[in-house]
Colleague: 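Can you read through this structure? Questions will come right after.
Every value quoted in this text rests on a predicted model; they were computed, and no experiment measured them. Letters A, B, ... are given to chains in the order of the sequence lines, protein chains preceding strands, and every chain is numbered from 1.
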There are 2 protein chains.
Amino acid sequence: MKSAFQRQSPGEAAILDAAVQLFSTNGYDAVSMREVASAAGVSKANIYHHFASKETLYRAILDQSAADLSGLVETLAASTGSFESRLAEFAAGHLQHLDRNPLASRLIIREAFSGDNQRSRILVDQVFGDIFERIVAIFRAGQQAGSLRADLDPALCATLLMGADVFFFQARDVLAQFPDVEFACHSPRFSREMVEVLLRGMMNSPMEVRA
Amino acid sequence: MKSAFQRQSPGEAAILDAAVQLFSTNGYDAVSMREVASAAGVSKANIYHHFASKETLYRAILDQSAADLSGLVETLAASTGSFESRLAEFAAGHLQHLDRNPLASRLIIREAFSGDNQRSRILVDQVFGDIFERIVAIFRAGQQAGSLRADLDPALCATLLMGADVFFFQARDVLAQFPDVEFACHSPRFSREMVEVLLRGMMNSPMEVRA
DNA sequence: GCTATAACTGACCGTCCGGTCGGTCAGTTA
DNA sequence: TAACTGACCGACCGGACGGTCAGTTATAGC
């Protein structure tokens, strides 16, 4: 793919746009290069002019998706404030980030959770790992400050928080079909109540801090 | 497929065994009928003797997987006891059930969360929905008994609980690679701490009940 | 043993797969 | 103006896809 200093041709851009749509929706194996070409409005041979193989094209899409999602890590790094506010900020920001990058999110999540047949194990683990470590760091800081209960594993707490967002992102369409599940269409409400429950379950109560 | 009163031929059984392995690991699109035949030790044509098409074979696998997972619903229906004990029982039982049926679990979860290209929307939604409704019912009962906070949405609580287990099941292999994540190899520990945090965050405190 | 049927198979089919080849075209540069 | 280059394409390639067919073998029932 072109470096940052070279402008993409219209064809290349169209190919990438079409590919991210198709791969994100249907997965790697169900998408043919003819399909990508047709959706992009170019010939299949033109894809091979820009990308050495189907695998290379997919890898380019994954790289871009990873870059899209890594914006969240920067946000986390810049975050300051009390333990509670940082957590609330993360939970809302994380889910919002997933929602704003649905294609990238779905791609990375699918790769992360797929079985043995994986194309970019290292990249995906890194994306997940970076985000995960940042969350764990917040929990550790909270524990050292006496806000988070000392008997809880910060990594387990991070798993609960991250898992809630990722599951919601994945399951939202299914949940929306069940009766009385209004929050399925309202991410901020889910985030708010989820964080409230988790914080209440994880925090040292004021009495305990004073004692 | 044969009815319950007819015995499967060795070939048919081998085909189903091979197919569930391959489809569960690699997904529908990445698995060819030649691959299934080879893994089953039969000819490809023999698959078509027993199953009208690839789709029919896959549907048979899904039906079986749904039946495997529905055992959990029966367990939930039979459960009695206090709100807390029912929740703890569910959380541990749910994850244990996923662990004991990894192939079926992975298949159903993948179908539930895949994009527009779905083969058994109704079946999968039903499996998920049945389990979900049972959990919501437990939360509702707890709320009516005054154990669960009145300001919480039972469906949202059910989402948090179910989501924690499903995410853990999906992400465990990824998590295991991160530093200091020992619980990734220890489902019971995850279940215990997860329920403890959620319950603490969701329960009416004894003081509030008395007031 | 005979018959009917289920189970099974190698060869085949049309179509589609990822990828290649030889070319054209428009723009840029020397 | 000739040479070069990146973008692009129709036609083609060998192989693989899901599925079919006629024949063979195994099994069950009489």
Side-chain angles (χ1 to χ4, degrees), chain A residues 1-63 107 111 114 117-120, chain B residues 1-63 107 111 114 117-120:
Chain A
M1 189 155 65
K2 303 286 190 285
S3 75
F5 300 107
Q6 289 164 293
R7 214 174 137 280
Q8 284 176 349
S9 71
E12 189 179 350
I15 290 164
L16 288 165
D17 284 345
V20 71
Q21 291 278 354
L22 289 165
F23 285 136
S24 179
T25 302
N26 302 307
Y28 180 85
D29 298 298
V31 176
S32 71
M33 296 298 259
R34 283 176 172 87
E35 234 176 322
V36 176
S38 175
V42 301
S43 71
K44 182 157 65 77
N46 194 227
I47 302 186
Y48 290 93
H49 175 79
H50 294 285
F51 304 95
S53 65
K54 183 181 182 183
E55 195 85 40
T56 304
L57 172 61
Y58 188 70
R59 179 56 193 266
I61 300 288
L62 277 188
D63 285 345
L107 271 167
E111 281 296 321
S114 66
N117 187 15
Q118 294 169 347
R119 279 164 210 95
S120 299
Chain B
M1 188 154 66
K2 302 288 190 285
S3 76
F5 301 106
Q6 287 164 296
R7 214 175 135 285
Q8 282 175 349
S9 72
E12 187 178 351
I15 291 164
L16 287 166
D17 286 344
V20 71
Q21 292 278 352
L22 289 166
F23 284 137
S24 180
T25 302
N26 302 308
Y28 181 83
D29 298 300
V31 176
S32 71
M33 297 298 262
R34 282 175 173 85
E35 233 176 321
V36 176
S38 177
V42 301
S43 72
K44 180 157 65 79
N46 193 229
I47 301 185
Y48 289 92
H49 174 78
H50 295 284
F51 303 95
S53 65
K54 184 181 181 183
E55 194 87 43
T56 305
L57 172 62
Y58 188 71
R59 180 56 194 267
I61 300 290
L62 276 189
D63 285 345
L107 271 167
E111 281 296 321
S114 67
N117 187 17
Q118 294 168 350
R119 277 161 216 93
S120 300

Colleague: Leu57(A) has an atom CG; how far is it from atom P of dC17(C), in whole Å?
Modeller: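 Rounding to the nearest Å, CG of Leu57(A) and P of dC17(C) are 15 Å apart.
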Colleague: Using atom CD1 of Ile47(A) as one end and atom P of dG10(D) as the other, report the distance to the nearest whole Å.
Modeller: 13 Å
Colleague: Take the protein atom CD1 of Ile15(A) and the nucleotide atom P of dG18(C), then report the distance between them rounded to whole Å.
Modeller: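 After rounding, the reported distance stands at 14 Å.
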Colleague: Determine: side-chain N/O of His49(B) to OP1/OP2 of dA7(C), distance under 4.0 Å, yes or no.
Modeller: yes
Colleague: Is the phosphate of dA6(C), meaning OP1 or OP2, less than 4.0 Å from a side-chain N or O of His50(B)?
Modeller: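 No, no such contact exists.
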Colleague: Rounded to the nearest 0.5 Å, what's the gap from CE on Met33(B) to NZ on Lys44(B)? Could you check?
Modeller: 8.0 Å
Colleague: Once you round to the nearest 0.5 Å, how far does OG of Ser32(B) lie from CG of Asp29(A)?
Modeller: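 Taking OG in Ser32(B) and CG in Asp29(A), the distance rounds to 11.0 Å.
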Colleague: Let me have a per-nucleotide readout for nucleotides 14-20 of chain D, 5' to 3', with B, S or -, counting only protein heavy atoms under 4.0 Å.
Modeller: ---BBBB
Colleague: For residues Ala39(A) and Leu22(A), report the shortest heavy-atom separation together with the two atoms involved.
Modeller: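 Of all heavy-atom pairs spanning Ala39(A) and Leu22(A), the closest is CB-CD1, 4.0 Å.
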Colleague: Once you round it to whole Å, what is the distance between P of dT20(C) and CG of Asn46(A)?
Modeller: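 So the CG-P distance, Asn46(A) to dT20(C), works out to 15 Å.
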Colleague: Kindly say if Ser9(B) contacts the phosphate of dA6(C), meaning a side-chain N or O under 4.0 Å from OP1 or OP2.
Modeller: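 Answer no for this pair, as no side-chain N or O of Ser9(B) is under 4.0 Å from OP1 or OP2.
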Colleague: Determine the interplanar angle of the Tyr58(A) and Phe23(A) rings, folded into 0 to 90°, and report it as parallel if under 30°, tilted if 30 to 60°, perpendicular if over 60°.
Modeller: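 Perpendicular, since the angle between the ring planes exceeds 60°.
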Colleague: For DNA chain C, produce a single dot-bracket line, 5' to 3'. Pairs: Watson-Crick or G-U wobble, both distances under 3.5 Å. Symbols: ( ) within strand, [ ] crossing, | other strand, . unpaired.
Modeller: ||||||||||||||||||||||||||||||
Colleague: Looking at every non-hydrogen atom in both residues, tell me the closest pair between Ser43(A) and Ala37(A) and how far apart they are.
Modeller: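 Minimum heavy-atom contact is C-CB, 3.8 Å.
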Colleague: Could you list the residues that satisfy side chain to side chain donor-acceptor pair (under 3.5 Å) with Ser53(A), not counting sequence neighbours?
Modeller: Thr56(A)
Colleague: Give the rounded distance in Å between these two atoms: CZ of Phe51(A) and P of dG19(C).
Modeller: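 Rounded to the whole Å, the gap is 13 Å.
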Colleague: If I take atom OH in residue Tyr58(A) and atom P in nucleotide dG18(C), what distance separates them, rounded to the nearest angstrom?
Modeller: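 These atoms are roughly 14 Å apart.
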Colleague: Please answer whether the main-chain N or O of Arg34(B) pairs with a side-chain N or O of Ser38(B) as donor and acceptor at a distance below 3.5 Å.
Modeller: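 Side chain of Ser38(B) to backbone of Arg34(B): no pair is present.
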Colleague: For residues Arg59(A) and Phe51(A), determine if any side-chain heavy atom of one lies less than 4.5 Å from a side-chain heavy atom of the other.
Modeller: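 Arg59(A) does not reach Phe51(A) side chain to side chain.
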Colleague: Got Val42(B) and Val36(B) here, is their nearest side-chain heavy-atom distance under 4.5 Å?
Modeller: no
